[in-house]
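One-based numbering along the sequence shown.
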Amino acid sequence: MAFTEAVLTDQLAVEIARLGTVGESSDVGTLHRVSELATRAVPGCAGAAAVRWALPQASVAEPAEAEPAGDGDGPAEPARPDPLAAAASHPDLAEVIDRQLSRGRGPIFDVAFDRRSVSCDDILAETRWPAAVSDMLRRGVRCFTTSPHLNQGVLVTLTLYGVTPKALGKGQHALAALLMAQGSAAVSNTQQYDDVHRTAVQLQAAVEARAVVDQAKGILMHALGCDADAAFAEMRRISQTRHVKLTALAQRIVGGADVF
């Protein structure tokens, strides 16, 4: 990774603002875009990585708290967030994140679990995560900061990496928070859009199915000389005895097939 001085130009500001809009991008695509923009916009940042996490239902609003174990031997291990998607600005940083995810521990897990930022000005003096530190050192990283952002049930962590000690000053946290807010909003908005679209498709299918059933009922009323309730009861009887879904049976009736 090579360090280049980054500035927040008008073009970068527009690209950051566009992160929060609903689009066709996948979670991985959005996370990669957040990582790329962080590398370009945050001074001292030589690379970045972002992870989206699945939250236990009880911890959507607040970090999970340990509950007493059923056998009385002490507190049970609280439910931990699970990683859903990850992306990085550089392949070597993607490996750093992947190795943490495969181990199930490291700074990104601590941040996702506690919802508190962690940072290290010089990882040569860092002792909390020896395996993760070793991975970072082998790839030229000397400092990092990882921060969480929760938006409508979507938790995203963003890690900024520097290649010199103290390259990531505390003054850069506000810009990182903006990037995370926009990125998590994009993921949340896309998720909500997909949910609404899925519901609309299901409702449309239900309306179309009801219309076909009503058509078939009218055909049976005419053919059998009965009322609507009797026609529907006959359709249900045929559906059950022939093990055919009511909608499929209705489509056959409307299509002129012999169902008797």
Can any side-chain N or O of Asp122 pair as donor or acceptor with the backbone N or O of Ala125 at less than 3.5 Å?
no
salt_bridge(Arg103, Asp135) N-O dist < 4.0 Å
yes
Would you check if Cys45 and Arg40 make a side-chain contact, meaning some heavy-atom pair closer than 4.5 Å?
no
Between Val141 and Val163, is a side chain to side chain contact (heavy atoms under 4.5 Å, CB included) present by the stated rule, with each step listed?
CA-CA 5 Å; Val141 174; Val163 295; 5.9 Å; no
Classify the ring geometry between Trp53 and Phe109 as parallel (under 30°), tilted (30 to 60°) or perpendicular (over 60°).
perpendicular
Indicate yes or no: at least one non-hydrogen side-chain atom of Val42 is less than 4.5 angstrom from one of Leu160.
yes
Side chains of His90 and Thr39 in contact at under 4.5 Å (non-hydrogen atoms):
yes
Heavy atoms of Pro83 and Val51 approach each other most closely as CB-CG1, 4.1 Å
Value rounded to 0.5 Å, distance of OG in Ser147 from CZ in Arg116
13.5 Å
Atom pair CH2/CZ of Trp129 and Arg105 - distance to nearest 0.5 Å
13.5 Å
Euclidean distance, Ser35 OG relative to Tyr161 OH, rounded to 0.5 Å:
9.0 Å
Does Val156 reach the side chain of Pro148, with side-chain heavy atoms less than 4.5 Å apart?
no
What distance do Ile97 atom CD1 and Leu31 atom CG have between them, rounded to the nearest 0.5 Å?
11.0 Å
Rounding to 0.5 Å, atoms CZ (Arg252) and OG1 (Thr247) come to a distance of 13.5 Å
Member of Val244, Val212, Val213, Val254 meeting the side chain to side chain contact (heavy atoms under 4.5 Å, CB included) criterion with Leu249:
Val244
Hydrophobic cluster membership, Leu246 vs Met221, 4.5 Å side-chain cutoff:
no
Note: Pro43 and Leu168 closest approach over all heavy atoms is O-CD2, 4.3 Å
Under the 3.5 angstrom rule, does the side chain of Ser239 hit a backbone N or O of Met235 as a donor-acceptor pair?
no
With side chain to side chain contact (heavy atoms under 4.5 Å, CB included) as the test, would you mind laying out the steps for Ile108 and Asp110 before giving the verdict?
CA-CA 5 Å; Ile108 58 173; Asp110 290 354; over 6 Å; no
Can you give me the closest heavy-atom contact between Leu220 and Ala231, atom names plus distance?
CD1-O, 3.7 Å
Roughly how far, to the nearest 0.5 Å, is CD1 of Ile123 from OG of Ser134?
9.0 Å
Evaluate the side chain to side chain contact (heavy atoms under 4.5 Å, CB included) criterion for residues Glu234 and Leu224: first the C-alpha distance (whole Å), next the side-chain angles of each, then the deciding distance (0.1 Å), finally the verdict.
CA-CA 10 Å; Glu234 181 64 14; Leu224 302 177; 4.1 Å; yes
Side-chain heavy atoms of Pro107 within contact of Phe144, under 4.5 Å:
yes
Considering only heavy atoms from C-beta outward, does the side chain of Asp98 approach that of Ser102 to under 4.5 Å?
no
NZ/NE/NH1/NH2 to OD/OE distance under 4.0 Å, Lys166 and Asp121:
no
Verdict with supporting geometry, Leu137 and Arg142, side chain to side chain contact (heavy atoms under 4.5 Å, CB included):
CA-CA 7 Å; Leu137 281 173; Arg142 286 295 300 274; 4.2 Å; yes
More than 12 foreign heavy atoms under 6.0 Å from CZ of Arg236: is that the case here?
no
Exam field: side chain Arg139 to backbone Asp92, donor-acceptor pair closer than 3.5 Å:
yes
